[in-house]
Structure formats: C-alpha cells, structure tokens
Amino acid sequence: AQSVTQLGSHVSVSEGALVLLRCNYSSSVPPYLFWYVQYPNQGLQLLLKYTSAATLVKGINGFEAEFKKSETSFHLTKPSAHMSDAAEYFCAVSEGTSYDKVIFGPGTSLSVIP
Amino acid sequence: EAQVTQNPRYLITVTGKKLTVTCSQNMNHEYMSWYRQDPGLGLRQIYYSMNVEVTDKGDVPEGYKVSRKEKRNFPLILESPSPNQTSLYFCAILTSGGTQYFGPGTRLTVL
C-alpha cells in the first residue's frame, strides 16, 4: 500500500526566505501527487498536482513542486515566503493510477517569521 | 466552482448519543467522501461513495455509517459516538481531473 512521509511536522522560515517542504512516497509506480494547503479554521484546498505531464508543476500563490521518480519525492517550494503562507500543508499521493483513493501525509505546519 | 457545505461546524455531544453530520454539494459530482483529521495523522478516509446508493469503506470506517440516497447529499452518521471519535471531520468531492474540494469541516467533541 502507498504511504506518504513529510519530513518535519513544523517548519519556520523568515519572511522573504525560501520555503521548502519535503514529501516522499513509497510506491515504485509513478502515482498522481498533490499538495493541499489548509488555512486556520478552513478546509483543504489544492495547491498543485502532478498527473504524469511535466515533472515541474506550478501551482497557486507562487508555489511549485518537482516530481523526482528516482528519489520518490515531490517537494514543495516557494522562492520567497509571505506572511500569508502560514498554514498547514499536506502532501497526498494516489493509490495506483486512479484518483479514487488518495493517501494523505501527516502534514507540515509552516510558520513565517516577520 | 464546486462548493461543499457541512453542518454543523461545531458539535459537542456525549457518549452514545446518535448524531448526523450533513454534507451537500452544489454540483453533480458522483464521488464524495468523508475524512477525519487528527494531529500528526493527516487525513484518513472514513467512507466514500462513487454514486447514488454506492458506498464503500475507507481506511477507518469503524463506528461510522453513511448513506447516499441522492447525488447532492452524503451524511455521516455516528450511531453511538465514543470519545475516540473526537476529531475534525471533512466531507469532500472529487472532480474528473483529480482535484478534491473540501467542506469547511466539522469539529466534533464527544464527552
């Protein structure tokens, strides 16, 4: 079965600094990959997704992620953090090549320091 | 854009008192699901439904029931809630492109 790990349950960055949130999955079969963001007291919303097209995926709010098959990774980055980026971020991976079953990682809480 | 609504947003109840959390969508998506969110565990799927009258267990179905009598609605039922079901619950729909749209969440406390 697929599993997802996110290194670091809490990450703090200074405003304007690079954001790097790590995600690794377990399957050797390239799955579909997602990053979701959850702002306080809200549901999750999609940041970006990889569905076997370009390996570098651009999302909303200046975020992007790169699919690296050899490393089974899908790390999320943003060149310059903004205060409004403070939120919980979840990496998710499909079970196989179907959207029906998606496994979520435990989440990484991002703090942005002024 | 797809919208998912849940009610209530907050609920405090006691052990054993049956409750229902409603979920409805504003479009005609076939796939709906329920998740619970717990610290350090991310989201875990409770039940999902691929269409009317078609439901199936997710990863943590024990203690929960669902029904899908019409496409818009997918209520989550706790027949006899217990304190270990204290959690944040999300309903979601799945679009054909693989994006899930989540409701705002229901924070449930079982005393």
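Treat the numbers as computed from the prediction; the structure is a model and nothing was measured. Convention: sequence-line order gives letters A, B, ...; per-chain numbering from 1.
When the candidates Gln42(A), Glu88(A), Gln38(A), Gln45(A) are compared by the number of heavy-atom contacts under 4.5 Å with chain B, Gln38(A) comes out ahead. For chain A, the option among Gln6(B), Arg107(B), Gln37(B), Arg9(B) with the highest count of heavy-atom pairs below 4.5 Å is Gln37(B). The greatest number of non-hydrogen atom pairs below 4.5 Å with chain A, out of Val4(B), Asp38(B), Asp59(B), is found for Asp59(B).
Once rounded to the nearest 0.5 Å, the distance linking CD of Gln100(B) with OH of Tyr36(A) reads 4.5 Å.
Nearest approach of Asn41(A) to Tyr10(B), heavy atoms of both residues: OD1-OH, 4.3 Å. Nearest approach of Gly40(B) to Pro106(A), heavy atoms of both residues: O-CB, 3.4 Å.
Within 6.0 Å of atom CG in Leu41(B), more than 12 heavy atoms from other residues, nucleotides or ligands are found, so the atom counts as buried in its surroundings. Heavy atoms from other residues, nucleotides or ligands lying under 6.0 Å from CD1 of Ile77(B) number more than 12.
When hydrophobic clusters are built by joining Ile, Leu, Val, Met, Phe, Trp and Tyr residues whose side-chain heavy atoms come closer than 4.5 Å, directly or via intermediates, Ile103(A) is not grouped with Ile93(B). Residue Tyr89(B) is not grouped with residue Leu111(B) when hydrophobic side chains (ILVMFWY) are merged at heavy-atom distances under 4.5 angstrom, including chains of intermediate members. Under a hydrophobic-cluster definition in which Ile, Leu, Val, Met, Phe, Trp and Tyr are linked whenever side-chain heavy atoms come within less than 4.5 Å, directly or via other members, Ile60(A) and Leu33(A) are assigned to the same cluster. Under the 4.5 Å side-chain heavy-atom criterion for ILVMFWY residues, a single connected hydrophobic cluster contains both Met50(B) and Phe102(B). The cluster map of Ile, Leu, Val, Met, Phe, Trp and Tyr, joined by side-chain heavy atoms under 4.5 Å apart, puts Ile46(B) and Leu88(B) in different clusters.
Phe90(B) touches chain A through its side chain: at least one heavy atom from C-beta onward sits under 4.5 Å away, while N, CA, C and O do not. Using a 4.5 Å cut-off between heavy atoms, Tyr48(B) makes no contact with chain A at all. For a residue to count as touching a neighbouring chain, one of its non-hydrogen atoms must lie under 4.5 Å from one of that chain's; by this rule Ser33(B) does not touch chain A. Of the atoms belonging to Gln6(A), not a single heavy atom falls under 4.5 Å from chain B.
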Legend entry - side chain to side chain contact (heavy atoms under 4.5 Å, CB included) evaluation trace for Leu43(B) with Leu44(A): CA-CA 10 Å; Leu43(B) 274 74; Leu44(A) 282 73; 4.0 Å; yes
